Engineer: 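Dumping the structure here so I can ask a few things about it.
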Amino acid sequence: MSETTKKNVYNPKEIEERYYKLWEERNYFEIEGNKSIQKPDKHFTIMMPPPNVTGRLHIGHALTFTLQDIIVRYKRMDGYKTLWQPGVDHAGIATQNVVEKQLLAEGTTKEELGREGFLERAWLQKENSQDAITGQLRKLGVSPAWSRERFTMDEGLGNAVKKSFKQMYDNGFIVRGNYMINWCTHDGALSDIEVEHEDHMGKMYHINYPLADGSGNITVATTRPETYFGDTAVMVHPDDERHNALIGKKIKLPLIDREVEIIGDSHVDMEFGTGFVKVTPAHDTNDYEVGKRHDLEFITIFDDKGFLNEHCGELQGLERLESREIIVAKLDEAGFMVKIEDHAHQVGHCYRCKNIVEPYISKQWFVKKEFAASAIEKVNNGEAEFFPSHWINSYNAWMGELRDWCISRQLWWGHQIPVFYCDDCDHEWVEEGDAPHVCPKCNSEKIHQDPDVLDTWFSSGLWPFSTLGWGNDEAFKGELWNEDDMKNFYPNNLLVTGFDILFFWVARMLMMGENTTGELPFKDIYLHALVKDEHGEKMSKSKGNVIDPLETIEKYSTDALRFTLAVLAVQGRDIKLSEDKLEQSRNFTNKLFNATNFLQLNQEHFDDLNPENIQTPLGKYMLSRFNLAVKETRGFMDVYRFNDAATVLYRFLWGEFCDWGIELSKADKASVAELGSIFKASMKLLHPFMPFITENLYRRLSEGELEDSESIMVQAYPEEAKVDEDIIKKFDLIMEAIVSVRRCKTLIDKGNQKIEKAIVLLSDINDKWMMKPFIEKLGKVENITIQSRNKITETILSKSFISDISDNLETYISTDDVDMSAIIGKLTKQKEKLEKEINKLNGMLNNERFVANAPEQVIVENRQALADASEKMAKVEGELKGFA
RNA sequence: GAUCGCGUAACUCAGUGGUAGAGUGUUUCCUUGACAUGGAAGAAGUCGUUGGUUCAAGUCCAAUCGUGAUCACCA
């Protein structure tokens, strides 16, 4: 039989698309989607981290959106007016790079298209990518309020950016100035965290600088010889007795003969290198500080594209990275190169294009680090809480060492900085409304806007409230947001995202939210780990270990993928995703599917759960187990322990409901109707994790199709209810008896067969008439005798019985009626075989010549084999003795 | 260098001071009327190491070893 035509196998494909479409059409995802079960004044807000409009979803997105959807569906079913805000991010550098590559492939460039033409292409990319991404999100079964979908560059959010920029500018938190910044010759200015430092095996070049008075040479060591054109000093440690006498003297830079002074500065590490350090204030962060301290000249030696300039003599016009070899060769030729050693160090790369980043002096816009102060304080006062809690350490460490945040970017794609300059009177002002035509100070029409755009994270930082209408003016009001959104949905309740963007995004939202609205933007911050492959390796295209969420859905179903991600989402631990785990979840869906099949063998439809209608002992038992599962699931959900909640559901549904509930119901048909109701309620409990199959099975067990009934997703989430400890105790005993009987039967090789009689001894036999049929049915015994412990012992001892003794009871099976000869025969045969084996091995190992000549490994193996055989022998003999 | 994780069964991992747990794998058995993507019964653990706190430690504290991540660095 082929895969697809197999009987009794759950087929998710036909329902997923159909259900999703219905849910969305009925507006279930919207803030009033659960209106019929909404409780007064209960709101729940969570912002979707907007995916970049650069491409497709990866497995990390699947994780983060699955976890968010689980919480959102839970809260929605629990009666909260729920807003899960969707949207996408314009992702300045990343998107611009994608579009540039497209243009390159078409044989053109952004310069040829011009700014406006280029932006048209970028908008096209945005449209295509947004369609792809939201389509993929729908396949994941997630339930954000699609009608409110935003884009970080839509008109309303653009207004919010201008408004908050002005606010920050007016408050002195945004300034413009010449700073030493991180410069990518491809992407322009970067903030500190957009630079990735990577280990690099480079060289340490020792270069002679001749003293200007001709009295000799000093030797400096550098990893970047090409920067010597920008040297404006050489420094030594003032306490360095080897060299400090030279302070105040001058040296002549090789080849270009420019003279610079030897200065003393305690920044120098006397232990390292030669003790002489070349100082290049315009191209090194430390040297920049030294330069300021000593009032040195700042010589910039290459332009913003990285080409050497007039300060570099005959090397002018070369690209900075290409120039190194040439300079080294020339210095060597002229006799200035002393030696070149291998040297491991760290080199900064652009996080988007991997280009080597340069420290570079440039005039840019900055957010002052003081902007973070109140957000640091409030988070530490407990006004926001991290899950797992240890992330507050990283937050504090980073926020505490914050430097001014460079927010201007030399890009075209993004929010253009709302600052205008007057070409006539040099007036500079921020415009939060429409673009002005004249200078407000001198009325000149010769004005221009700053050509740069803002760092993407500036607008993302406003996301928790700009999407609620803050600063939007009238744009999309009543359409994408409502008047009272800020009141109802701000601060947000929860943020879920990967720990890798704690600094990029979370920290920025906290400081921008705090300063802009006076409140932290959210209460709980759940940071999940990254999805790795089954060996714990990071996924990457080059390694070929990427797991594609859509392929996975195709193979295992959306529910299986979601459940797998949830069950692996342990706080603070990487998620190692593997086919094995996905298979396990798929098997789980199949188990649920077949449980439904079983229930429907008995009756077609079942009532929704009403505890008062649960009357049979088994029904009451399963209800109590269900109530326990409700309590645990809710408890774990409330502290974002997705793995624990998922495990509880798995254990309850498979280990308790199917393995025991269904099996026991075969001995009590009257309980099946009750189990059906409990199963339907369990589908509600599981729904946030596996939305599709739960809807499907719930539907099958109820009257009517989804097309003409209310979805499971807007029904009340099961509430905690009383657990009947007494009935649990009774069934624990029943199950213990069944296991004991089965164990006993295994001893006589009748594990799977029905036997005539067995005796179970208990201390309390009050409920024996209730217990009897269950034990008989599941233990496969025609007639179970349940007796009080003290009475029967003597009778049993007088006959031949085998026994099993467990914590609370004893089971006896007579061997009189059983043909023991077969078992004894089997065991005897086994015994003989083992005897032969042991004799053979003993013979070999006692043979001196064997021990002396055989390879060590063979001897070890034989010894082990002997030990194993002896152990088995002891067991077999023990069993035979029992039958004697 | 600083900070933060992690170390528990063969593997992947839960474990919230109170008798060591799950899934997978493994051994034996079972096509038993929901399910072989299944069922039954088992075997399997010096909880990294050493100290300490406690009536009680896998759990709390200290040290140490191994391992990973993040941040910061020396030209």
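Source: prediction; values computed, not measured. Every chain is numbered from 1, with letters handed out A, B, ... down the list of sequences.
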Engineer: Please classify the nucleic acid contact of A/N393 as base, sugar-phosphate, or nothing, using heavy-atom distances under 4.0 Å.
Structural biologist: sugar-phosphate
Engineer: Please work out if A/N286 contacts a base, only the sugar-phosphate, or nothing of the nucleic acid, heavy-atom cut-off 4.0 Å.
Structural biologist: sugar-phosphate
Engineer: Quick one: label A/K666 by what it contacts on the DNA or RNA (base, sugar-phosphate, nothing), any heavy atom closer than 4.0 Å.
Structural biologist: base
Engineer: Please work out whether the ring planes of A/Y288 and A/F298 are parallel, tilted or perpendicular, with thresholds of 30° and 60°.
Structural biologist: perpendicular
Engineer: Quiz question: by atom type and distance under 3.5 Å, do the side chains of A/T280 and A/K278 form a donor-acceptor pair?
Structural biologist: yes
Engineer: By nearest nucleotide on RNA chain B, pick out whichever of A/R742 and A/L599 is the more 5' one.
Structural biologist: A/L599
Engineer: From the options B/rG42, B/rA14, B/rG23, select the nucleotide whose nearest atom is closest to the side chain of A/K581.
Structural biologist: B/rG23
Engineer: Select one nucleotide: of B/rG38, B/rC13, B/rG23, the one nearest the side-chain heavy atoms of A/K591.
Structural biologist: B/rG38
Engineer: How would you label the contact of A/V220 with the nucleic acid (heavy atoms, under 4.0 Å): base, sugar-phosphate, or nothing?
Structural biologist: nothing
Engineer: Does A/R625 make a cation-pi contact with A/W660, if we ask for NZ or CZ under 6.0 Å from the ring centre and within 45° of the axis?
Structural biologist: no
Engineer: If you check every side-chain atom of A/F272, which of B/rU16, B/rA75, B/rU37 has the closest atom?
Structural biologist: B/rA75
Engineer: Nearest to the side chain of A/T746 - B/rA14, B/rC35, B/rA41?
Structural biologist: B/rA41
Engineer: If I take atom NZ in residue A/K777 and atom P in nucleotide B/rG39, what distance separates them, rounded to the nearest angstrom?
Structural biologist: 18 Å
Engineer: Can A/Y209 and A/D231 be counted as having a side-chain donor-acceptor contact under 3.5 angstrom?
Structural biologist: yes
Engineer: Once the angle between the rings of A/F504 and A/Y351 is folded into 0 to 90°, is it parallel (under 30°), tilted (30 to 60°) or perpendicular (over 60°)?
Structural biologist: parallel
Engineer: Side chains of A/E632 and A/R651: closer than 4.5 Å at any heavy-atom pair?
Structural biologist: yes
Engineer: Heavy atoms from C-beta onward define the side chain here; which of B/rA72, B/rC29, B/rA75 lies closest to that of A/Q346?
Structural biologist: B/rA72
Engineer: Just compare B/rA41, B/rG15, B/rC30 and give me whichever is closest to any side-chain atom of A/R641.
Structural biologist: B/rG15
Engineer: Report the nucleotide, chosen from B/rU70, B/rA34, B/rC30, that has the shortest atom-to-atom distance to any side-chain atom of A/F503.
Structural biologist: B/rU70
Engineer: For A/Q571 and A/Y526, test the side chains for any donor-to-acceptor distance below 3.5 angstrom and give the result as yes or no.
Structural biologist: no
Engineer: So what does A/F636 hit on the nucleic acid, given a heavy-atom distance under 4.0 Å: a base, only sugar-phosphate, or nothing?
Structural biologist: base
Engineer: Which part of the nucleic acid, if any, lies within reach of A/I662 when heavy atoms closer than 4.0 Å are counted: base, sugar-phosphate only, or nothing?
Structural biologist: base
Engineer: Report the nucleotide, chosen from B/rC13, B/rU37, B/rA34, that has the shortest atom-to-atom distance to any side-chain atom of A/V570.
Structural biologist: B/rC13
Engineer: Where the side chain of A/N590 is defined as all heavy atoms beyond and including C-beta, which of B/rA75, B/rA14, B/rC35 is the nearest nucleotide?
Structural biologist: B/rC35
Engineer: At 4.0 Å (heavy atoms only), tell me whether A/D287 reaches a base, stays on the sugar-phosphate, or touches nothing.
Structural biologist: nothing
Engineer: Applying a 4.0 Å non-hydrogen cut-off, can you work out what A/H283 is touching in the nucleic acid: base, sugar-phosphate, or nothing?
Structural biologist: nothing
Engineer: Within the structure shown, what part of the strands sits under 4.0 Å from A/A397 by heavy-atom distance: base, sugar-phosphate, or nothing?
Structural biologist: nothing
Engineer: What stem regions, each of at least 3 consecutive Watson-Crick or G-U pairs below 3.5 Å, can be found for RNA chain B?
Structural biologist: B:1-7 with B:65-71, B:10-13 with B:21-24, B:26-30 with B:38-42, B:48-52 with B:60-64
Engineer: Work out how far the C1' atom of B/rG17 is from that of B/rC61, and round it to whole angstrom.
Structural biologist: 13 Å
Engineer: Side chains of A/N587 and A/N590: is there a donor and an acceptor less than 3.5 Å apart?
Structural biologist: no
Engineer: Quick check: any donor-acceptor pair below 3.5 Å linking the side-chain of A/E663 to the base of B/rA34?
Structural biologist: yes
Engineer: Just call it for A/R573: base, sugar-phosphate, or nothing, with non-hydrogen atoms closer than 4.0 Å on any strand.
Structural biologist: sugar-phosphate
